[in-house]
Amino acid sequence: MTTTEQVTTADLQAFTQEWLEWHRAQEERLAAPHGFLAITGLHWLDESPQRLPDAPGSWRTGPDGITVTLDEGEELVVDGVPVRGAHHFGVIPERGGVSAVWGDAVIEVAKRGGNDIVRPRHPSAPLRTAFAGTPVYAPHPRWAVPGRYLAFDTPRPTTVGAAVEGLEHVYEAPGRIAFELDGRALSLTAFPGHVPGTLSVLFTDATSGVTTYAANRALTVAAPAADGTVTLDFNRAVNLPCAYTDLATCPLPPAENRLPVAIEAGQKLPRERGGI
């Protein structure tokens, strides 16, 4: 083995080890006691009070926001404070939410696509307790692709569909990322990431519906450098919660993010959807 080969092998080993640590953390978050695999119901609220099979009390919403009326002896803990009787959560912003503790469960109270929802999360949910990990492609540096972030003059409101039929999400797209793969010029519309400065892209590709989840995958991109350069590490392309459960409201990619190439990297179709 030459020195070059030794460096290459060492680099590949280091790259793989770093990816493995990221992958383990990703799986731990997904299968956490109150992660998405713990969801037991997706309940859409309206002005009529309704009782839920997996949460206490009676729930309703209206112009002033969400209210729960707990029965005698029932209690929720909201922001560390025990509440009984009627509790008013108020108006929750789009993509916002509150987590109320009920015994060993967490009751997610949120707004998605303009609708107020309640999504209980129970650690004993069968989807969570049976989870055996997500199939993945073997990581390789060839899928860490350089790109350039091109900011729009002003953020563009972008409406996309959702995993729930009839639901829509609206994001402010700040720009797009241009890159090349196997000699083809490609680009992806980017949305703001969870961490300020980072970017998030939703996409499908030629593997979607074959070896990866048909509807979407997501990739977080670190904040662009001063000259706009970024790295698209498709080894870290992840499934959104809707890949595992029908109790999610995940957004779909914008039409221009349907890539005409096979991204054989990142997470594959979950076993829960027939993946291997």
Side-chain angles (χ1 to χ4, degrees), residues 25-131 134 162-171 194-195 215-216 218 238-251 270 272-273:
Q26 190 75 23
E27 297 279 84
E28 288 174 1
R29 282 192 295 272
L30 178 64
H34 301 119
F36 267 96
L37 298 181
I39 292 174
T40 54
L42 172 58
H43 307 290
W44 305 86
L45 303 182
D46 56 29
E47 294 188 359
S48 300
Q50 58 177 297
R51 291 187 173 274
L52 311 178
D54 46 0
S58 176
W59 298 77
R60 63 176 176 83
T61 191
D64 295 329
I66 299 171
T67 297
V68 61
T69 302
L70 300 169
D71 293 343
E72 186 172 350
E74 291 182 332
E75 178 182 278
L76 287 173
V77 178
V78 182
D79 294 330
V81 178
V83 298
R84 301 176 182 85
H87 178 74
H88 187 56
F89 288 92
V91 176
I92 293 178
E94 182 63 36
R95 289 191 289 278
V98 175
S99 294
V101 178
W102 180 45
D104 69 348
V106 164
I107 312 301
E108 178 191 9
V109 184
K111 186 185 291 289
R112 297 293 184 269
N115 300 273
D116 287 327
I117 64 171
V118 173
R119 246 182 337 200
R121 303 180 183 220
H122 291 260
S124 60
L127 188 64
R128 176 181 178 270
T129 57
F131 182 61
T134 304
V164 175
E165 187 175 356
L167 196 68
E168 291 183 334
H169 296 280
V170 180
Y171 295 91
H194 292 297
V195 177
N216 50 28
V238 299
N239 295 318
L240 295 179
C242 56
Y244 302 87
T245 175
D246 293 334
L247 304 176
T249 62
C250 304
E272 291 77 5
R273 301 290 194 184

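Note that the structure is predicted; figures quoted are calculated from it, not measured. Residue numbers run from 1 in the order of the sequence given.
For residues 86-100, the set of pairs meeting the side chain to side chain donor-acceptor pair (under 3.5 Å) definition, not counting sequence neighbours, comprises Thr67-His88. Sorted by first and then second residue, the pairs that involve residues 100-116 and meet salt bridge (charged side-chain N to carboxylate O under 4.0 Å, His left out), not counting sequence neighbours, are Glu108-Arg112, Glu108-Arg119, Glu108-Arg121, Lys111-Asp116.
Going from atom CG of Asn115 over to atom NE2 of His43 covers 14.5 Å, rounded to the nearest 0.5 Å. Going from atom CG of Leu52 over to atom CG of Leu45 covers 7.0 Å, rounded to the nearest 0.5 Å. Within the model, atoms CZ of Phe36 and CG of Leu127 stand 12.0 Å from one another, a figure rounded to the nearest 0.5 Å. Here OG of Ser58 is found 9.5 Å from CG of Leu70. Values are rounded to the nearest 0.5 Å. Here the CG-CG distance, from Asp54 to Leu42, works out to 10.0 Å after rounding to the nearest 0.5 Å.
With contacts defined as side-chain heavy-atom distances shorter than 4.5 Å, the pair Phe89/Val118 does not qualify. Asn216 has its side chain within reach of Cys250: a pair of non-hydrogen atoms, C-beta onward, lies under 4.5 Å apart. Taking 4.5 Å as the limit, some side-chain heavy atom of His34 sits within range of a side-chain heavy atom of Pro123. Under the 4.5 Å side-chain criterion, counting only non-hydrogen atoms from C-beta, Val164 is in contact with Trp44.
Contact between Ala31 and Phe131 at its shortest, heavy atoms only, is CB-CD2, 3.7 Å. Taking each heavy atom of Pro270 and Asn239 in turn, the nearest pair found is CG-ND2, 3.6 Å. Annotation for Gly41 and Leu247: closest pair N-CD1, 3.5 Å, computed over non-hydrogen atoms. Shown here for Ile92 and Gly97, the closest heavy-atom pair between the two residues is CG2-N, 3.8 Å. Residue Val68 comes nearest to Pro56 through the heavy atom pair CG2-O, 4.0 Å, listed as atom of the first residue, atom of the second, then distance. Taking all atoms of both residues into account, the shortest heavy-atom contact from Ile107 to Ala55 is CD1-CB, 3.9 Å.
Within the 3.5 Å criterion, the main-chain N or O of Tyr244 finds no donor-acceptor partner in the side chain of Glu272.
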Point to revise | Trace of the side chain to side chain contact (heavy atoms under 4.5 Å, CB included) decision for Leu37 with Leu30 | key: CA-CA 7 Å; Leu37 298 181; Leu30 178 64; 3.9 Å; yes
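A salt bridge links Arg84 and Glu75; the closest N-O separation between the charged side-chain nitrogens and carboxylate oxygens is under 4.0 Å.
The salt bridge (Lys or Arg N to Asp or Glu O under 4.0 Å) check on Arg273 picks up Asp246, with sequence neighbours excluded.
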